[in-house]
Amino acid sequence: VQLQASGGGLVQPGGSLRLSCAASGLTPGSYAMGWFRQAPGKERDFVAVISGRSYSTDYADSVKGRFTISRDNAKSTVYLQMNSLKPEDTAVYYCAASRRLEVAAGLYDYWGQGTQVTVSS
């Protein structure tokens, strides 16, 4: 199983980015997919998760109304659309796969390598 995250970069406050996570080795739709982030010196925090068939989503309170998670099982890819970005969103963003809709990082089975998002003027 491989998860390949991409789409990070430098953006000004108020800007937008879309992260992608391409999965290989998983049966499409069989895993819930989550996004987590980790800022320097901090723990890895839950951001968003989507169920295998896109029936359910969940978000951290800090990103509700600004971030949207979606998936295209035909492409085995999960997306995180991030709008109205703030400096406190700066972190390395990781995608991960879990058998169930989970918010705890320890319950995820597979992890991608991370992509850096920097929000700064």
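Keep in mind it's a predicted model, so treat the numbers as computed, not measured.
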Looking only at heavy atoms, what is the nearest atom pair of [X] and [Y], with distance?
| X | Y | value |
| --- | --- | --- |
| L3 | C21 | CB-SG, 4.0 Å |
| S16 | N83 | OG-OD1, 2.9 Å |
| A91 | A39 | CB-N, 3.8 Å |
| S20 | W35 | O-CH2, 3.6 Å |
| P13 | S120 | CD-C, 3.6 Å |

Heavy-atom distance under 4.5 Å between the side chains of [X] and [Y], does that happen here?
| X | Y | value |
| --- | --- | --- |
| V117 | L17 | yes |
| T68 | Y59 | yes |
| T115 | V92 | no |
| R37 | Y94 | no |
| V11 | T118 | no |

Find the distance between [atom1] ([X]) and [atom2] ([Y]) and round it off to the nearest 0.5 Å.
| X | Y | atom1 | atom2 | answer |
| --- | --- | --- | --- | --- |
| Q4 | C95 | CD | SG | 8.0 Å |
| S24 | Q2 | OG | CD | 4.5 Å |
| S76 | L26 | OG | CG | 8.0 Å |
| T90 | Q116 | OG1 | CD | 7.5 Å |
| T77 | M33 | OG1 | CE | 9.0 Å |

E88, CD: over 12 other non-hydrogen atoms inside 6.0 angstrom: yes

Applying a strict under-4.5 Å side-chain criterion to I, L, V, M, F, W and Y, I'd like to know whether [X] and [Y] cluster together.
| X | Y | result |
| --- | --- | --- |
| I69 | M82 | yes |
| V47 | I50 | yes |
| V63 | F46 | no |

Within residues 57-79 or reaching into it, pairs that qualify as salt bridge (Lys or Arg N to Asp or Glu O under 4.0 Å) - sequence neighbours excluded: D61-K64, R66-D89

Aromatic plane relationship, F67 with Y93 - under 30° parallel, 30 to 60° tilted, over 60° perpendicular: tilted

R44 NZ/CZ over F36 ring centroid, <6.0 Å and within 45° of normal: no

For residues 100-113, which side-chain N or O atoms pair as donor and acceptor with protein atoms under 3.5 Å away, sequence neighbours left out?
from	atom 1	to	atom 2	distance (Å)
Y108	OH	E102	O	2.5
Q113	OE1	A5	N	3.3
Q113	NE2	A5	O	2.9

